[in-house]
Amino acid sequence: MDNVPKIATEAVLVHSSSLPEYDEKVKGYDWSKGVDYSALLDSYKNSGFQATNFGLAIEEINKMIQARNEKIKDEVSGEDVQGCTIFLGYTSNLISSGLRETLRFLVQHKLVDCIVTTAGGVEEDFIKCLAPTLIGDFSLKGTYLREKGINRIGNLLVPNDNYCKFEDWIVPILDEMVEIQKSSGEVWTPSKVIAKLGERINNEESVYYWAWKNKIPVFSPALTDGSLGDMMFFHSYKNPGLVVDILGDLRELNTLAMRAKKSGMIILGGGLIKHHICNANLMRNGADYAVFINTGQEFDGSDSGARPDEAVSWGKIKKEAHPVKLYADATLMFPLIVAKTFASSLLN
Amino acid sequence: MGDIDDTQFEAADSGASATYPMQCSALRKNGFVMLKGRPCKIVEMSTSKTGKHGHAKVHMVGLDIFTGKKCEDICPSTHNMDVPFVKREDYQLMDISDDGFLSLMGDSGDLREDLKIPDGDLGGQLKTEYDNGREILCTVLKSCGEECVIAIKNNTALEKNN
């Protein structure tokens, strides 16, 4: 070190001070413990990068669950209500995937209070009750699949026949809905439509069957943007008059947020479902807890890719909150997160 | 038995149906089809192949053959639609009564006076031509229990002989 120029040593060997709030050591899983999956997942928190975000997401969700399990007396009704309202949002591809079973588990056991999803997120669940979605490959050629009448969702396949079965199932129900509307004057909203369909599918495999049974509202303001919408469109030629009112649902969702004692958002994916939940929480000056799991990037200014901090600037997440964004595909992460949060909490 | 005198006998139809069923996918442009209960001529037809909207569907736009109004409908390609029987017949215009009824003579020589002057431009044109002493042939369209004059042409053959 004698001959090293002083200017270099001063630049490279800057004396470091410590950051008191950042003093946890990086340490990965110790394999000498054997294949202990639970301990393996616990070790992620101190592994760095998205593994750390995974650990933080688990902590944040556990805080939501703990707050929810507390009972608080509501000043207006005088009743005891749960201490935290959990909003769960997901995109339709996740229902096409095996994550559907995990999402159904949450709804079946009343572990969330409301759902926001897109049209595909509704119909793919019902279609799975009528005919299965199949494992395919990302590389299957579009022209080949079109000839065979098979539709591709990533590396999953949904044959046209499945949609034909869906059409055969839903058209009589749409007729009923027009009838009810004409005779009672009651206007349908997306959440009422989904509840009706959930009641009629009558299949314990379905997410929305359990949502109907447990009275968990499912919001989908763009309900017509999918096969469901196609069915309604064609149906309107034969039996016109069905009205689907999105404003009615907006009132219900925003009211749910405003009345919540505390609120937690679990948002899988981007687009409408992310914004709709965050916007509802704006009505209560921000959510107390938030976990985003998506693959979006912020460099294009999109809302889908925006970090939780951007939501704080809008008042959609409280200033005092510690929101987490996990940059990952939810099909990889979410079942493991549920294992360490909802499922553990339910079994204890 | 006294009731029979009060019974009015209407001109009887053969009792046959006004329409016959045909599979949607067999319909063609310029053909006829019942859309929303009206006999229409198909002016546009397109098919959406089976997809996420379910079974293949045929979208038809038609013009009501009597009123010219646009009607449209969508039908699964495997379902049947009703096709109206449409008959065209030419009649010689003999007279126009004061209350607007046309006196028409058919090929067989028999007279009918049950049709009124058509509405709109056609009716105006008919009256003008008749008042000018032209010999006029009226094309009567018959379908689904409705009849009306839908076109006129000058009967030049008759005019030559006059």
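Side-chain atoms are counted along with the backbone in the values below, which use heavy atoms only and exclude waters and symmetry mates. The sequence lines fix the lettering, A, B, ..., with proteins before strands; numbering per chain opens at 1.
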Item to complete: Assess the pair A:Tyr163 and B:His53: is the distance between their ring centroids shorter than 6.0 Å?
Response: no
Less than 3.5 Å apart, any donor N or O on the side chain of A:Asp168 or B:His55 sitting next to an acceptor on the other?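 Per modelled atom types, A:Asp168 and B:His55 side chains form a pair under 3.5 Å.
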Okay, side chain of B:Lys52, backbone of A:Asp230: is any donor-acceptor separation there less than 3.5 Å? no
*asked:* So does A:Phe234 get a backbone contact from the side chain of B:Lys57, meaning a donor-acceptor N/O pair under 3.5 Å?
replied: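 Not at all, since once roles are kept as given, no pair shorter than 3.5 Å links the two residues.
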Rounded to the nearest 0.5 Å, the CG atom of B:Asp73 sits from the NZ atom of A:Lys238 at a distance of 3.5 Å
If you draw a 6.0 Å radius around [atom1] in [X], do more than 12 non-hydrogen atoms from other residues or ligands fall strictly inside?
X	atom1	result
B:Asp110	CG	yes
A:Lys148	NZ	no
A:Glu199	CD	yes
A:Lys196	NZ	yes
A:Ile246	CD1	no
B:Lys36	NZ	yes

Q. Looking only at heavy atoms, what is the nearest atom pair of A:Glu167 and B:Gly54, with distance?
A.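 Where A:Glu167 meets B:Gly54 most closely, the heavy atoms are OE1-CA, 3.3 Å.
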Scanning both residues in full, the closest heavy-atom pair of A:Asn160 with B:Gly51 reads OD1-CA, 3.3 Å
